[in-house]
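By convention in this document, chain letters (A, B, ...) are assigned in the order of the sequence lines, proteins followed by strands, and residues within each chain are numbered from 1. None of the values given here were measured: they were computed from a predicted structure.
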There are 2 protein chains.
Amino acid sequence: MTGAVNFFSKHKHVISYGFSLAILLFLLKWLEIRFVIINYALEIYIAAIAILFTSLGIWLALKLTSPKTIVVEKEVFTQSENTFFSNEKEIEKLGISKRELEVLQLISAGFSNQEIADHLFVSLNTIKTHSSNLFGKMEVKSRTQATDKAKRLNIIEK
Amino acid sequence: MTGAVNFFSKHKHVISYGFSLAILLFLLKWLEIRFVIINYALEIYIAAIAILFTSLGIWLALKLTSPKTIVVEKEVFTQSENTFFSNEKEIEKLGISKRELEVLQLISAGFSNQEIADHLFVSLNTIKTHSSNLFGKMEVKSRTQATDKAKRLNIIEK
DNA sequence: TTTCAATTCATACTTTTGAGTGATTTTGCC
DNA sequence: GGCAAAATCACTCAAAAGTATGAATTGAAA
(Lines give C-alpha, C1' and ligand atoms only; values in the text may rest on other atoms or scores of the structure.)
Protein backbone atom coordinates (compact mmCIF):
# COMPACT_ATOMS: atom_id res chain seq x y z
CA MET A 1 0.00 0.00 0.00
CA THR A 2 2.73 2.46 1.06
CA GLY A 3 5.73 0.34 0.02
CA ALA A 4 7.88 2.85 -1.90
CA VAL A 5 7.21 5.78 0.37
CA ASN A 6 7.65 3.62 3.42
CA PHE A 7 11.04 2.37 2.24
CA PHE A 8 12.46 5.86 1.91
CA SER A 9 10.81 6.95 5.13
CA LYS A 10 12.34 4.06 7.01
CA HIS A 11 15.80 4.42 5.59
CA LYS A 12 16.16 8.15 5.22
CA HIS A 13 17.76 8.30 8.63
CA VAL A 14 20.34 5.75 7.63
CA ILE A 15 21.07 7.68 4.47
CA SER A 16 21.38 10.95 6.29
CA TYR A 17 23.57 9.19 8.83
CA GLY A 18 25.88 8.07 6.03
CA PHE A 19 26.11 11.61 4.73
CA SER A 20 26.76 12.99 8.17
CA LEU A 21 29.52 10.47 8.73
CA ALA A 22 31.17 11.33 5.42
CA ILE A 23 31.06 15.03 6.13
CA LEU A 24 32.35 14.54 9.63
CA LEU A 25 35.26 12.41 8.49
CA PHE A 26 36.14 15.06 5.93
CA LEU A 27 35.95 17.68 8.65
CA LEU A 28 38.14 15.60 10.91
CA LYS A 29 40.70 15.17 8.13
CA TRP A 30 40.94 18.90 7.87
CA LEU A 31 41.19 19.21 11.64
CA GLU A 32 44.04 16.73 11.54
CA ILE A 33 46.31 19.39 10.15
CA ARG A 34 45.47 21.71 12.99
CA PHE A 35 45.90 18.83 15.36
CA VAL A 36 49.54 18.55 14.41
CA ILE A 37 50.03 22.16 15.36
CA ILE A 38 47.92 22.18 18.49
CA ASN A 39 48.87 18.82 19.78
CA TYR A 40 47.40 18.99 23.21
CA ALA A 41 43.89 19.55 21.82
CA LEU A 42 43.59 15.83 21.13
CA GLU A 43 41.58 15.05 24.22
CA ILE A 44 39.06 17.80 23.53
CA TYR A 45 38.89 16.61 19.94
CA ILE A 46 38.22 13.01 21.02
CA ALA A 47 35.65 14.11 23.56
CA ALA A 48 33.87 16.18 20.93
CA ILE A 49 33.72 13.19 18.63
CA ALA A 50 32.48 11.00 21.44
CA ILE A 51 29.70 13.40 22.42
CA LEU A 52 28.78 14.03 18.82
CA PHE A 53 28.48 10.40 17.89
CA THR A 54 26.78 9.49 21.11
CA SER A 55 24.17 12.12 20.33
CA LEU A 56 23.94 10.77 16.82
CA GLY A 57 23.42 7.28 18.20
CA ILE A 58 20.71 8.44 20.55
CA TRP A 59 19.01 10.38 17.80
CA LEU A 60 19.22 7.39 15.47
CA ALA A 61 17.85 5.00 18.03
CA LEU A 62 14.93 7.25 18.86
CA LYS A 63 14.10 7.80 15.23
CA LEU A 64 14.52 4.27 13.99
CA THR A 65 12.95 2.25 16.73
CA SER A 66 9.21 1.89 16.81
CA PRO A 67 7.92 3.20 20.10
CA LYS A 68 7.72 0.61 22.81
CA THR A 69 4.17 0.08 23.80
CA ILE A 70 2.76 -1.91 26.61
CA VAL A 71 -0.88 -2.73 26.18
CA VAL A 72 -2.69 -2.91 29.45
CA GLU A 73 -6.16 -4.30 29.33
CA LYS A 74 -8.49 -2.61 31.71
CA GLU A 75 -11.70 -4.39 32.43
CA VAL A 76 -14.74 -2.19 32.21
CA PHE A 77 -17.84 -3.71 33.61
CA THR A 78 -20.93 -2.78 31.79
CA GLN A 79 -24.46 -3.90 32.22
CA SER A 80 -25.45 -6.27 29.50
CA GLU A 81 -26.99 -3.93 27.03
CA ASN A 82 -30.25 -4.50 25.29
CA THR A 83 -28.56 -6.17 22.42
CA PHE A 84 -31.57 -8.15 21.43
CA PHE A 85 -31.06 -10.20 18.36
CA SER A 86 -34.17 -11.92 17.19
CA ASN A 87 -33.58 -15.62 16.88
CA GLU A 88 -34.15 -15.79 13.16
CA LYS A 89 -33.02 -19.37 12.90
CA GLU A 90 -35.79 -20.44 15.22
CA ILE A 91 -38.32 -18.32 13.37
CA GLU A 92 -37.33 -19.89 10.10
CA LYS A 93 -37.32 -23.35 11.60
CA LEU A 94 -40.87 -22.88 12.81
CA GLY A 95 -41.88 -21.39 9.48
CA ILE A 96 -43.26 -18.20 10.96
CA SER A 97 -44.03 -15.51 8.38
CA LYS A 98 -43.46 -11.78 8.74
CA ARG A 99 -47.08 -11.00 9.42
CA GLU A 100 -47.38 -13.82 11.89
CA LEU A 101 -44.36 -12.53 13.75
CA GLU A 102 -45.94 -9.11 13.90
CA VAL A 103 -49.08 -10.60 15.39
CA LEU A 104 -47.03 -12.64 17.82
CA GLN A 105 -45.27 -9.55 19.05
CA LEU A 106 -48.55 -7.76 19.64
CA ILE A 107 -50.07 -10.79 21.34
CA SER A 108 -47.08 -10.93 23.66
CA ALA A 109 -47.46 -7.25 24.42
CA GLY A 110 -50.88 -8.06 25.85
CA PHE A 111 -53.13 -6.85 23.07
CA SER A 112 -56.44 -8.54 22.26
CA ASN A 113 -57.14 -9.82 18.79
CA GLN A 114 -59.47 -6.88 18.16
CA GLU A 115 -56.80 -4.39 19.20
CA ILE A 116 -54.27 -6.10 16.95
CA ALA A 117 -56.75 -6.03 14.07
CA ASP A 118 -57.31 -2.30 14.57
CA HIS A 119 -53.61 -1.68 14.84
CA LEU A 120 -52.76 -3.52 11.65
CA PHE A 121 -55.85 -2.29 9.77
CA VAL A 122 -57.16 -5.75 9.05
CA SER A 123 -60.22 -7.66 10.17
CA LEU A 124 -60.57 -9.58 13.40
CA ASN A 125 -60.94 -12.76 11.38
CA THR A 126 -57.56 -12.22 9.79
CA ILE A 127 -55.89 -11.93 13.15
CA LYS A 128 -57.69 -15.04 14.30
CA THR A 129 -56.39 -16.90 11.29
CA HIS A 130 -52.85 -15.65 11.85
CA SER A 131 -52.85 -16.47 15.55
CA SER A 132 -54.37 -19.88 14.90
CA ASN A 133 -51.73 -20.69 12.31
CA LEU A 134 -49.13 -19.33 14.68
CA PHE A 135 -50.21 -21.60 17.51
CA GLY A 136 -50.12 -24.54 15.15
CA LYS A 137 -46.59 -23.76 14.03
CA MET A 138 -45.41 -23.08 17.54
CA GLU A 139 -47.15 -26.16 18.87
CA VAL A 140 -48.99 -24.28 21.59
CA LYS A 141 -52.61 -24.01 22.46
CA SER A 142 -53.07 -20.44 23.62
CA ARG A 143 -51.67 -16.93 23.35
CA THR A 144 -50.18 -17.11 26.81
CA GLN A 145 -48.26 -20.25 25.92
CA ALA A 146 -47.17 -18.68 22.66
CA THR A 147 -45.90 -15.65 24.53
CA ASP A 148 -44.02 -17.78 27.01
CA LYS A 149 -42.42 -19.95 24.34
CA ALA A 150 -41.59 -17.02 22.08
CA LYS A 151 -39.73 -15.29 24.89
CA ARG A 152 -37.90 -18.45 25.84
CA LEU A 153 -36.80 -19.02 22.24
CA ASN A 154 -35.78 -15.39 21.95
CA ILE A 155 -38.18 -14.94 19.10
CA ILE A 156 -39.52 -11.80 20.74
CA GLU A 157 -38.03 -9.38 23.20
CA LYS A 158 -38.43 -10.18 26.86
CA MET B 1 6.39 2.61 46.59
CA THR B 2 9.63 1.81 44.70
CA GLY B 3 11.36 5.19 45.09
CA ALA B 4 14.88 4.23 46.15
CA VAL B 5 15.16 1.21 43.93
CA ASN B 6 13.63 3.08 41.07
CA PHE B 7 16.16 5.89 41.35
CA PHE B 8 19.10 3.56 40.97
CA SER B 9 17.32 1.60 38.30
CA LYS B 10 16.65 4.72 36.32
CA HIS B 11 20.16 6.16 36.64
CA LYS B 12 22.34 3.08 36.52
CA HIS B 13 22.70 3.48 32.78
CA VAL B 14 23.93 7.04 33.19
CA ILE B 15 26.39 5.88 35.81
CA SER B 16 27.65 3.04 33.70
CA TYR B 17 27.86 5.43 30.79
CA GLY B 18 30.08 7.70 32.85
CA PHE B 19 32.35 4.77 33.68
CA SER B 20 32.50 3.64 30.10
CA LEU B 21 33.39 7.12 28.95
CA ALA B 22 36.19 7.38 31.49
CA ILE B 23 37.64 4.00 30.49
CA LEU B 24 37.40 4.79 26.83
CA LEU B 25 39.12 8.13 27.21
CA PHE B 26 41.89 6.42 29.12
CA LEU B 27 42.14 3.83 26.39
CA LEU B 28 42.28 6.52 23.75
CA LYS B 29 45.01 8.32 25.63
CA TRP B 30 47.06 5.18 25.51
CA LEU B 31 46.27 4.71 21.84
CA GLU B 32 47.48 8.28 21.26
CA ILE B 33 51.06 7.15 21.72
CA ARG B 34 50.62 4.53 19.07
CA PHE B 35 48.87 7.03 16.91
CA VAL B 36 52.02 9.16 16.84
CA ILE B 37 53.97 6.20 15.50
CA ILE B 38 51.39 4.92 13.08
CA ASN B 39 50.17 8.26 11.83
CA TYR B 40 48.07 7.10 8.93
CA ALA B 41 45.85 5.05 11.26
CA LEU B 42 44.04 8.22 12.34
CA GLU B 43 41.05 7.71 10.06
CA ILE B 44 40.53 4.16 11.27
CA TYR B 45 40.92 5.38 14.80
CA ILE B 46 38.31 8.14 14.31
CA ALA B 47 35.95 5.74 12.58
CA ALA B 48 36.29 3.29 15.46
CA ILE B 49 35.43 6.01 17.93
CA ALA B 50 32.50 7.14 15.85
CA ILE B 51 31.10 3.64 15.56
CA LEU B 52 31.74 2.92 19.19
CA PHE B 53 30.01 6.02 20.48
CA THR B 54 27.21 5.73 18.03
CA SER B 55 26.57 2.25 19.35
CA LEU B 56 26.79 3.62 22.86
CA GLY B 57 24.24 6.30 22.00
CA ILE B 58 21.88 3.77 20.49
CA TRP B 59 22.25 1.49 23.47
CA LEU B 60 21.67 4.38 25.83
CA ALA B 61 18.58 5.56 23.99
CA LEU B 62 17.05 2.10 23.96
CA LYS B 63 17.72 1.57 27.63
CA LEU B 64 16.68 4.98 28.84
CA THR B 65 13.45 5.45 26.96
CA SER B 66 10.49 4.40 29.02
CA PRO B 67 7.96 2.34 27.14
CA LYS B 68 4.67 3.96 26.37
CA THR B 69 1.76 2.34 28.07
CA ILE B 70 -1.50 2.17 26.24
CA VAL B 71 -4.52 1.35 28.30
CA VAL B 72 -7.07 -0.59 26.34
CA GLU B 73 -10.46 -0.76 27.89
CA LYS B 74 -11.85 -4.23 27.59
CA GLU B 75 -15.57 -4.46 27.99
CA VAL B 76 -16.76 -7.21 30.22
CA PHE B 77 -20.44 -7.81 30.11
CA THR B 78 -21.75 -8.71 33.49
CA GLN B 79 -24.70 -10.90 32.86
CA SER B 80 -27.35 -9.94 35.32
CA GLU B 81 -27.44 -13.17 37.22
CA ASN B 82 -30.59 -14.95 38.17
CA THR B 83 -30.86 -13.05 41.36
CA PHE B 84 -34.60 -12.86 41.17
CA PHE B 85 -36.09 -11.15 44.13
CA SER B 86 -39.83 -11.04 43.96
CA ASN B 87 -40.93 -7.48 44.20
CA GLU B 88 -42.82 -7.91 47.44
CA LYS B 89 -43.37 -4.20 47.85
CA GLU B 90 -45.28 -4.10 44.60
CA ILE B 91 -47.26 -7.20 45.51
CA GLU B 92 -48.24 -5.69 48.81
CA LYS B 93 -49.04 -2.36 47.20
CA LEU B 94 -51.40 -4.06 44.77
CA GLY B 95 -52.89 -6.15 47.57
CA ILE B 96 -52.24 -9.46 45.89
CA SER B 97 -52.77 -12.49 48.16
CA LYS B 98 -50.69 -15.65 48.28
CA ARG B 99 -53.20 -17.68 46.34
CA GLU B 100 -53.64 -14.98 43.76
CA LEU B 101 -49.90 -14.82 43.24
CA GLU B 102 -49.85 -18.57 42.75
CA VAL B 103 -52.55 -18.27 40.11
CA LEU B 104 -50.70 -15.38 38.49
CA GLN B 105 -47.56 -17.45 38.19
CA LEU B 106 -49.44 -20.30 36.55
CA ILE B 107 -51.25 -17.94 34.22
CA SER B 108 -47.92 -16.46 33.17
CA ALA B 109 -46.55 -19.94 32.59
CA GLY B 110 -49.21 -20.36 29.94
CA PHE B 111 -51.70 -22.58 31.74
CA SER B 112 -55.43 -22.34 31.14
CA ASN B 113 -57.80 -21.74 34.02
CA GLN B 114 -58.86 -25.39 33.88
CA GLU B 115 -55.27 -26.58 34.09
CA ILE B 116 -54.61 -24.27 37.00
CA ALA B 117 -57.72 -25.53 38.75
CA ASP B 118 -56.59 -29.14 38.30
CA HIS B 119 -53.11 -28.28 39.46
CA LEU B 120 -54.27 -26.55 42.61
CA PHE B 121 -57.11 -29.03 43.27
CA VAL B 122 -59.80 -26.41 43.24
CA SER B 123 -62.72 -25.75 40.96
CA LEU B 124 -62.55 -23.79 37.71
CA ASN B 125 -64.84 -21.18 39.23
CA THR B 126 -62.38 -20.54 42.01
CA ILE B 127 -59.62 -19.85 39.54
CA LYS B 128 -61.91 -17.58 37.62
CA THR B 129 -62.65 -15.63 40.76
CA HIS B 130 -58.96 -15.39 41.62
CA SER B 131 -57.93 -14.30 38.18
CA SER B 132 -60.78 -11.83 37.97
CA ASN B 133 -59.81 -10.27 41.30
CA LEU B 134 -56.21 -10.31 40.16
CA PHE B 135 -56.96 -8.39 37.00
CA GLY B 136 -58.92 -5.85 39.02
CA LYS B 137 -56.05 -5.32 41.42
CA MET B 138 -53.49 -5.18 38.65
CA GLU B 139 -55.67 -2.90 36.56
CA VAL B 140 -55.45 -5.08 33.49
CA LYS B 141 -58.05 -6.65 31.30
CA SER B 142 -56.64 -9.99 30.31
CA ARG B 143 -54.22 -12.71 31.35
CA THR B 144 -51.71 -11.68 28.69
CA GLN B 145 -51.65 -8.13 30.00
CA ALA B 146 -51.35 -9.44 33.54
CA THR B 147 -48.39 -11.58 32.51
CA ASP B 148 -46.71 -8.68 30.78
CA LYS B 149 -47.22 -6.30 33.70
CA ALA B 150 -46.23 -8.88 36.30
CA LYS B 151 -42.95 -9.49 34.52
CA ARG B 152 -42.28 -5.80 34.12
CA LEU B 153 -42.93 -5.18 37.80
CA ASN B 154 -40.77 -8.16 38.72
CA ILE B 155 -43.68 -9.75 40.48
CA ILE B 156 -42.96 -12.98 38.66
CA GLU B 157 -39.83 -14.41 37.12
CA LYS B 158 -39.13 -13.53 33.54
C1' DT C 1 -47.09 -17.60 -17.57
C1' DT C 2 -47.78 -20.57 -14.13
C1' DT C 3 -47.12 -21.78 -9.56
C1' DC C 4 -46.80 -21.26 -4.79
C1' DA C 5 -46.64 -19.10 -0.44
C1' DA C 6 -48.42 -15.35 2.07
C1' DT C 7 -52.08 -12.48 3.22
C1' DT C 8 -56.55 -11.39 3.54
C1' DC C 9 -61.40 -12.22 4.83
C1' DA C 10 -65.79 -14.75 5.85
C1' DT C 11 -68.91 -17.97 8.16
C1' DA C 12 -69.97 -21.21 11.61
C1' DC C 13 -69.00 -23.35 15.73
C1' DT C 14 -66.68 -24.54 20.27
C1' DT C 15 -64.01 -23.37 24.08
C1' DT C 16 -62.04 -20.28 27.18
C1' DT C 17 -61.97 -16.26 29.50
C1' DG C 18 -63.76 -12.63 32.14
C1' DA C 19 -67.46 -9.80 34.83
C1' DG C 20 -70.80 -9.66 38.30
C1' DT C 21 -73.12 -11.33 42.18
C1' DG C 22 -73.74 -13.97 46.09
C1' DA C 23 -72.64 -17.49 49.40
C1' DT C 24 -69.92 -20.73 52.38
C1' DT C 25 -65.78 -22.15 54.48
C1' DT C 26 -61.19 -21.53 56.19
C1' DT C 27 -57.56 -19.18 58.50
C1' DG C 28 -54.92 -15.99 61.12
C1' DC C 29 -55.23 -12.85 64.77
C1' DC C 30 -56.77 -10.03 68.78
C1' DG D 1 -64.86 -16.88 70.59
C1' DG D 2 -65.33 -13.45 67.28
C1' DC D 3 -63.71 -10.73 63.54
C1' DA D 4 -61.74 -9.83 59.04
C1' DA D 5 -59.37 -11.29 55.25
C1' DA D 6 -58.65 -14.96 52.32
C1' DA D 7 -60.14 -18.77 49.87
C1' DT D 8 -63.58 -21.48 48.14
C1' DC D 9 -67.49 -22.36 44.91
C1' DA D 10 -71.79 -21.60 42.05
C1' DC D 11 -74.54 -19.42 38.56
C1' DT D 12 -75.31 -16.42 34.67
C1' DC D 13 -74.14 -13.71 30.93
C1' DA D 14 -71.04 -11.57 27.65
C1' DA D 15 -66.83 -11.18 25.34
C1' DA D 16 -62.79 -12.97 23.57
C1' DA D 17 -60.19 -16.61 21.91
C1' DG D 18 -59.52 -20.48 19.17
C1' DT D 19 -60.83 -24.18 15.36
C1' DA D 20 -62.21 -25.49 10.89
C1' DT D 21 -63.14 -24.70 6.27
C1' DG D 22 -63.25 -22.26 2.18
C1' DA D 23 -62.03 -18.63 -0.86
C1' DA D 24 -60.09 -14.30 -3.14
C1' DT D 25 -55.94 -11.58 -3.85
C1' DT D 26 -51.22 -10.54 -4.32
C1' DG D 27 -46.40 -10.84 -5.19
C1' DA D 28 -42.41 -13.21 -6.06
C1' DA D 29 -40.09 -17.05 -7.93
C1' DA D 30 -39.65 -20.87 -11.24
Side-chain angles (χ1 to χ4, degrees), chain A residues 86-153 155-156, chain B residues 86-153 155-156:
Chain A
S86 184
N87 192 344
E88 286 171 39
K89 290 174 193 168
E90 205 65 46
I91 292 171
E92 202 177 346
K93 193 197 287 177
L94 296 175
I96 294 172
S97 71
K98 269 188 255 174
R99 202 57 159 173
E100 284 166 349
L101 183 61
E102 238 177 323
V103 173
L104 178 58
Q105 286 167 335
L106 292 167
I107 283 174
S108 298
F111 293 106
S112 69
N113 285 341
Q114 187 60 64
E115 287 171 326
I116 296 168
D118 294 343
H119 191 265
L120 297 180
F121 302 107
V122 293
S123 80
L124 175 61
N125 287 311
T126 304
I127 300 304
K128 281 190 180 184
T129 304
H130 283 318
S131 60
S132 198
N133 292 334
L134 208 41
F135 300 156
K137 288 174 181 178
M138 293 182 74
E139 295 176 329
V140 295
K141 290 184 177 179
S142 68
R143 58 211 294 108
T144 44
Q145 274 182 32
T147 299
D148 192 56
K149 190 162 187 174
K151 287 184 179 180
R152 283 188 201 287
L153 294 177
I155 289 175
I156 58 157
Chain B
S86 184
N87 193 344
E88 287 172 38
K89 291 173 193 170
E90 204 67 46
I91 292 171
E92 201 177 347
K93 192 198 288 179
L94 296 174
I96 295 172
S97 71
K98 269 189 255 176
R99 202 57 158 173
E100 283 165 352
L101 182 62
E102 237 177 325
V103 173
L104 178 58
Q105 288 168 334
L106 292 167
I107 283 175
S108 298
F111 293 105
S112 70
N113 287 341
Q114 186 60 63
E115 287 171 326
I116 296 169
D118 293 343
H119 191 265
L120 297 180
F121 303 106
V122 293
S123 81
L124 174 60
N125 287 312
T126 303
I127 301 302
K128 281 189 178 183
T129 305
H130 283 318
S131 61
S132 197
N133 292 334
L134 208 42
F135 300 156
K137 289 174 180 177
M138 292 182 75
E139 295 176 329
V140 295
K141 290 184 176 179
S142 68
R143 58 213 293 109
T144 43
Q145 275 182 28
T147 299
D148 192 57
K149 190 162 188 175
K151 287 183 178 180
R152 284 189 201 286
L153 294 177
I155 289 175
I156 58 159

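One can place CG of A:L134 at 13 Å from P of C:dA6, the figure rounded to the nearest angstrom. Rounded to whole angstrom, the span from the CD1 atom of B:I91 across to the P atom of D:dA6 amounts to 14 Å. If you measure from atom CD1 of A:I116 to atom C1' of C:dT8, you get 16 Å, rounded to the nearest angstrom.
The end-to-end axis angle of the helix from C:dT1-D:dA30 to C:dC30-D:dG1, rounded to 10 degrees and based on five pairs per end, is 50°.
Of all the heavy atoms in B:H130 and B:V103, the pair that sits closest is CB-CG2, 4.0 Å. Smallest separation of non-hydrogen atoms from A:G110 and B:S142: O-OG, 4.1 Å.
For the atom pair A:Q145 CD and A:E139 CD, the distance stands at 11.5 Å (nearest 0.5 Å). Atom NZ of residue B:K151 and atom OG of residue A:S108 lie 9.0 Å apart, to the nearest 0.5 angstrom. Taken from CD in B:Q105 to CG in B:L101, the straight-line distance is 4.5 Å, to the nearest 0.5 Å. Expressed to the nearest 0.5 Å, how far CD1 of A:I116 lies from CD1 of A:I107 amounts to 4.5 Å.
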Fill in the blank from the handout: Nucleotide by nucleotide, nucleotides 7-21 of chain D touches protein heavy atoms under 4.0 Å in the pattern (B base, S sugar-phosphate only, - none) SBBBB-----BBS--
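Checking each of B:N125, B:L120, B:I127 against B:S123 for a side chain to side chain contact (heavy atoms under 4.5 Å, CB included) leaves exactly one that passes, namely B:N125.
At a threshold of 4.0 Å, the pair B:E102-B:R99 counts as salt-bridged, since one of the basic side-chain nitrogens sits closer than that to a carboxylate oxygen.
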